[in-house]
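Structure first, then comments.
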Amino acid sequence: MSVLDSLNPQQKEAVKYFDGPSLIVAGPGSGKTRVLTHKIAYLIKERGVSPFEILGITFTNKAANEIKERVGNLMGASTRVPWLGTFHSMCARILRKEASLLGISPNYVIYDTDDQKSLIKHIAKDLDIPPRTNLSVALSSISSAKNELVTFEDYEKYAYGPFQKDVARIYREYQKRLHQSNALDFDDLIFKTIELFSLNEGLRDTYSRRFKYILIDEYQDTNHAQYVISKLLAKNHNNICAVGDMSQAIYSFRGADFRNILNFQRDYPAAKIFNLAQNYRSTKTIIDAAKNIIKHNDNHIDLDLWTQNDKGDLISLYEAEDEKEESLYIGFNIIDKVLKGSSSYKDFAVLYRTNAQSRSVEEQFIRLGIPYKLIGGIKFYSRKEIKDALSFLRVIQNPKDSVSWERIINTPPRGVGKKSVDDLSKSGWDLSLIEQKTRLPIKGLIRNKDAMPVVELLDKILDVSGYNEYLNDGTEEGLYRLENLKELKSVASQFLTLEDFLENVSLVEALDVPTTNNDRSISTDKDTVTLMTLHSAKGLEFKEVFIIGMEEGLLPHSKSLFAKEDIEEERRLCYVGITRAKEKIHLTYTRSRLYLGSMNSNIVSRFVSEIPGEYIRFNTKSGMQTIHMDKGLEKYLDNLEDSRDFNL
DNA sequence: CGAATTGAGTTTTTT
DNA sequence: ACTCAATTCG
């Protein structure tokens, strides 16, 4: 059996093409992951390429793991799987090995957004930056600069006006302190790797020669630095395969530049283009509606998506009184179908533009007894106790890490005040001085860090620092936090070295730790409705999808209304949402809604009116009554403890 | 030092 | 409406 079997002709062509650059334009539901995995398997199995010579880059680590697993299935477990990861994880790996050439020691730590914020706050104070300076904006300016490969020297040269001049000073100092702390931020991982490759042509050549085949997924969401590094790596063999779809570019707010995909042919003139336009996921109605919306974008290359699937149901549109009724409507619809046995909870997803919208849905789902999981929201790794525990580990791994020291030097409170912190900071976090002031036996732990399993190290430091005792204060909250630490320990137990563990924690998004109303289990295959933002829905599919808040000001979001390109991105977001559904789309909007504390009356989203009327069935309250009167649902509601106020 | 009160800022989010 | 951070008070 060949790895080419079970592919359609276009997919087959895209998989088979291997000598030279190519761009695979993959519409939603067109079997993109299938093509990627089969292409890797094809190269290894039928073209005799060594896994060692293949590099695969994805948008998230989750996607990388999925591809790893699926390639493994195609190949049989004995074959080695190629390098697969994100741009960041690839660069972290290269730097871990080669960073000494840049004067960075290999035990560097990676600073996340919180670490960056506290560092920058310090800097602003020390440099006497005016107190009203918006430091978040300053930080994102620095981040954008790095994504555009602008050094602080260049930034200083071109800074215009007082704010940018301040940012320039912060940027310089920020880099200096990162270096002193032996730390890199996310942007640095890529920035420094590019720097490394330009300073050391031989090294670039080594990696570029090694990777005969480079595959990059979600190419429309790459930023400039990522674009440059992929070009550097592809220089020798020119075998770069970019996969993406401009209609699904939704991350420009993070520096992604979809012109990278539009310019692919200019950058690689020999490039062959493959279009995957057949959709296997959705009904004709859904595909047609999505196409009608996206064609309103000027900046849109028509892929002419099509499907052989049936027409299916019409798109349902519901005008609710307010957000409560909107949520109730969703809940009733779901219960009705589950009771009838035609669907189970996991077939449904509720998608929204902003996280704040999830609350009313959650409230009603809890009342109605609908199990759900909320994706996003509070991240596991940004919880206080997790950050504290990791800071303890990070100072053991890298005793120069000033941000981590400042976080835990007086946690739990042990009488180290501002003055002492200053002294310690000035000493460059001198370990003897620290032990003297805190009685924290840190030296011994640093000496023995590799002599014991990570979990044991974690247990020890949490004990000797008094952290365990500090949380064990008998409160509900303390117990919950200890529970979370247990979770962290179970993750830690999967790693052999401290370095491995810390790198994974920094680079890999929280293992699925969704909050559920039933229990705190982290198992993901529960029969629950999924609640998430449109952004996090990319790449997923559900039988039925509710997109709520189809209102001007929410989708498109009010902050996007001023610029045409921003509206176009909102439209792509809507397109992504609609194409998640296999069988049915429900759109809802409200006459008025309570949002961030004030009442708003929004008009229905322009994207709704871009769908031709013949695809839509307008649902009214009386339509709801027919569900409401249904015997099964009525009985269900009667059995609930809190059955007040269910009349619409 | 730590608790309590006030105040600003709330799009999307991965790495 | 609500969170989170910064400042002020005991």
Side-chain angles (χ1 to χ4, degrees), chain A residues 57-64 85-93 110-118 121 124-125 131-132 134-137 140 143 146-147 184-191 193 217-218 221-223 225-226 249-256 323 351-360 363 375-379 381-382 384 410-421 503-510 532-539 549 553-563 566-567 569-570 572-574 576-577 593-600:
Chain A
I57 293 183
T58 55
F59 190 63
T60 63
N61 287 291
K62 199 174 155 211
T86 60
F87 276 107
H88 292 88
S89 68
M90 172 192 70
C91 290
R93 206 160 147 182
I110 299 167
Y111 276 4
D112 69 13
T113 319
D114 286 340
D115 303 324
Q116 292 176 294
K117 274 189 192 146
S118 52
K121 215 179 287 165
K125 213 171 166 197
R132 255 178 255 294
N134 188 334
L135 294 179
S136 318
V137 176
S140 57
S143 173
K146 290 187 186 181
N147 287 158
L184 297 178
D185 65 20
F186 288 125
D187 304 315
D188 278 342
L189 292 172
I190 296 169
F191 189 99
T193 307
D217 193 13
E218 305 285 9
D221 286 324
T222 51
N223 64 34
Q226 293 167 338
I250 54 174
Y251 282 100
S252 74
F253 70 92
R254 229 167 65 192
E323 76 284 350
L351 310 182
Y352 36 80
R353 179 64 178 86
T354 67
N355 277 315
Q357 289 169 261
S358 74
R359 184 184 298 176
S360 64
E363 279 170 7
I375 309 287
I378 325 111
K379 292 282 173 358
Y381 287 115
S382 58
K384 187 180 174 304
N410 195 35
T411 311
R414 50 171 82 87
V416 181
K418 207 169 153 334
K419 178 85 175 59
S420 301
V421 175
E503 176 151 327
N504 261 273
V505 169
S506 308
L507 289 177
V508 178
E509 175 38 19
M532 63 185 151
T533 62
L534 288 159
H535 280 90
S536 3
K538 188 157 86 156
L554 269 178
L555 183 66
H557 193 272
S558 52
K559 296 215 169 159
S560 74
L561 296 174
F562 307 101
D566 290 345
I567 298 232
E569 179 143 322
E570 299 287 306
R572 292 192 292 268
L573 199 50
C574 183
V576 166
R593 89 164 53 234
L594 195 61
Y595 186 65
L596 299 179
S598 56
M599 265 313 197
N600 298 83

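Residue numbers begin at 1 in each chain, while the letters A, B, ... track the order of the sequences.
- Nearest heavy atoms, A:L554 versus A:G549: CB-O, 3.6 Å.
- The P atoms of C:dC4 and B:dT13 are separated by 16 Å, rounded to the nearest whole Å.
- Heavy-atom distances to DNA chain B give each of A:N134 and A:R254 a nearest nucleotide, and the one nearer the 5′ end belongs to A:N134.
- As a whole-Å value, the separation of A:N147 CG from B:dT14 P is 16 Å.
- Following rounding to the nearest Å, A:R93 (CZ) and B:dT15 (C1') show an atom-to-atom distance of 17 Å.
- Rounded to whole angstrom, the span from the CD atom of A:E503 across to the P atom of B:dT14 amounts to 19 Å.
- OP1 or OP2 of B:dT13 has at least one side-chain nitrogen or oxygen of A:S536 nearer than 4.0 Å.
- Remark: ring of A:H535 does not overlap the six-membered base ring of B:dT12 in a stacked fashion, as centroids less than 5.5 Å apart with planes less than 30° apart are not both met.
- Among the protein residues, A:D112 comes within range of no part of the nucleic acid, since none of its heavy atoms lies under 4.0 Å from any strand.
- A:E570 has its CD atom 12 Å from the P atom of B:dT11, to the nearest Å.
- One atom, CD of A:Q116, and another, P of B:dT15, lie 15 Å apart when rounded to the nearest Å.
- Closest to the A:Y251 side chain, of the nucleotides B:dT13, B:dT15, B:dT11, is B:dT13.
- For A:E570 and A:R353, the salt-bridge test passes: some basic side-chain N is under 4.0 Å from an acidic carboxylate O.
- With B:dT11, B:dT14, C:dA5 as the choices, the nucleotide that has an atom nearest any side-chain atom of A:K121 turns out to be C:dA5.
- At B:dT15, none of the side-chain N or O atoms of A:S89 fall inside 4.0 Å of OP1 or OP2 (strictly under the cut-off).
- A:L573 has its CG atom 10 Å from the C1' atom of B:dT11, to the nearest Å.
- The listed nucleotides are B:dT11, B:dT15, C:dC2; the one nearest the side chain of A:R359 is C:dC2.
- Of the listed nucleotides (B:dT13, B:dT11, B:dT15), B:dT15 has the atom at the smallest distance from the side chain of A:T86.
- The separation between A:Y595 atom OH and B:dT10 atom C1' is 8 Å, rounded to whole Å.
- Using a 4.0 Å cut-off between charged nitrogen and carboxylate oxygen, A:D185 and A:K146 count as a salt-bridge pair.
- For B:dT13, one of the phosphate oxygens OP1 or OP2 lies less than 4.0 angstrom from a side-chain nitrogen or oxygen of A:N355.
- Distances from the side chain of A:H88 to the nucleotides B:dT13, B:dT15, B:dG2 place B:dT15 closest.
- Computed from coordinates, the A:Q226 CD to B:dT15 C1' distance equals 9 Å when rounded to whole Å.
- If you look at A:Y111 and A:F186, their ring centroids are not closer than 6.0 Å.
- Under a 4.0 Å N-O distance rule, the pair A:D221/A:K538 qualifies as a salt bridge.
- Under the 30°/60° scheme for interplanar angles, the aromatic rings of A:F253 and A:H535 are found to stand perpendicular.
- Of the two residues contacting DNA chain B, namely A:N410 and A:K559, the nearest-nucleotide position lying further toward the 5' end is that of A:N410.
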